Amino acid sequence: MTTTLVTGGTGALGVPTVARLKANGNENGNDVRPLSRSSGGGNVVGDLVTGAGISAALDGADTVVHLASGQNHSDVAATERLLEESRRAGVSHFVLISIVGIDGVPLPYYRDKVTIEKLTVDAGLPYTILRATQFHNFVTRLFTAQRFSPVIVAPSFAVQPVAVEEVADRLVELATADPAGRVADIGGPEALTVPDMARAWKRATGSRRAVMPFRLPGRIFAAYRAGNGLVDGPANGKQSYEQYLSARYGATTAR
Ligand SMILES: NC(=O)c1ccc[n+]([C@@H]2O[C@H](COP(=O)([O-])OP(=O)(O)OC[C@H]3O[C@@H](n4cnc5c(N)ncnc54)[C@H](OP(=O)(O)O)[C@@H]3O)[C@@H](O)[C@H]2O)c1
């Protein structure tokens, strides 16, 4: 019997990851604990920022899958706490999700991720780190958030969106295998510009608003334009953005 604590188990990536770990666990008699600040739905209650409930949540845990992410630069301290408590609890595998391009795009959130990866490597726990590109549903939120805008603004650079379910599949594969260190990145099957994604989203949703591509000066934009957010090597993800849109909106997105 293996016990797995999944931080961020209620989030966009956490929900499919927990579902897959549970399906896997039912076959093998394993225990899966989704961590959340709220009770309900079989969650184990704990807060990585205050530390409340974390030690109890880790009691008897063999594996930790760390997906939680919060606001206000709290993730570094939260991860430090989780690693410390995991060591104390005798965790034998710490699995971390990270983001493709964090060392090539100077965003503050990415700098924190670089620190979190380093903390994980240096913690003295057997670990696995998987970097993923942006999820299809994350990029789509850029467009749905603009529902009151007369146009859809979209930054002129390419991303390589991936299906969140495929990232969850890979995480389960990694969490149920031996610790592997930093593994190959996962990204979707194609690099697409955000304006092209916005046009595909328009076709899928029937939106009539114009897409307005934009460029900004500065290092962050330049880094994305240089392709620093793309997977360097085989991408692993199979579902295209068009397939995601068809599944989500039930419409053909063909031109
Ligand atoms: N979104 C993307 O495109 C993308 C791409 C690559 C990697 N990632 C990484 O994947 C991870 C998951 O992303 P996501 O989009 O699934 O996140 P999300 O939907 O925003 O979910 C965030 C999760 O973090 C938990 N959380 C936040 N603060 C917490 C705290 N103080 N204590 C305990 N739990 C806390 C939340 O739990 P409750 O609210 O239930 O407490 C929630 O389950 C993140 O590390 C992110 O950086 C994301």
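Atoms within a ligand are numbered from 1 in the order they appear, just like the ligands themselves. In this text, all values refer to a predicted model and were calculated from it rather than measured experimentally. FYI, the numbering just counts along the sequence from 1.
- In this structure, S149 contributes its side chain and I152 its backbone to no donor-acceptor pair below 3.5 Å.
- Between the choices V49, L67, T7, the shortest heavy-atom distance to atom 11 (C) of ligand 1 belongs to L67.
- Of the possible polar contacts, one joining the E166 side chain to the K238 backbone as a donor-acceptor pair under 3.5 Å is found.
- Put simply, no part of R131 is less than 4.0 Å from ligand 1, judged by heavy atoms.
- Checked by atom type and distance alone, the side chain of R87 never pairs as donor or acceptor with a backbone atom of L125 at under 3.5 Å.
- Atom 3 (O) of ligand 1 is flagged as protein-proximal [any protein heavy atom, distance under 4.0 Å].
- Contacts between S98 and ligand 1 below 4.0 angstrom, taking non-hydrogen atoms only, involve the backbone exclusively.
- Distances below 4.0 Å separate heavy atoms of S36 from the following atoms of ligand 1: 38 (P), 40 (O), 41 (O).
- Counting heavy atoms only, T10 comes closest to atom 37 (O) of ligand 1 of the residues T10, V18, L130.
- Per-residue contacts place Y109 under 4.0 angstrom from the following atoms of ligand 1 (heavy atoms of the residue considered): 46 (C), 47 (O).
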Given R20 and E165, is the salt bridge (charged side-chain N to carboxylate O under 4.0 Å, His left out) satisfied, shown in steps? CA-CA 9 Å; R20 283 159 173 73; E165 296 81 5; 5.8 Å; no
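- Contacts with ligand 1 closer than 4.0 Å are made by side-chain heavy atoms of F138 only, the backbone lying farther away.
- With respect to I116, the side-chain contact (heavy atoms from CB on, under 4.5 Å) criterion is satisfied by exactly one of T79, V121, I97: T79.
- Of all protein heavy atoms, the one lying nearest to atom 30 (C) of ligand 1 is R37 CD, 3.5 Å.
- The backbone N or O of G70 sits less than 3.5 Å from a side-chain atom of D75, completing a donor-acceptor pair.
- Looking from atom 21 (O) of ligand 1 to the surrounding protein, the closest heavy atom is G11 CA, 3.4 Å.
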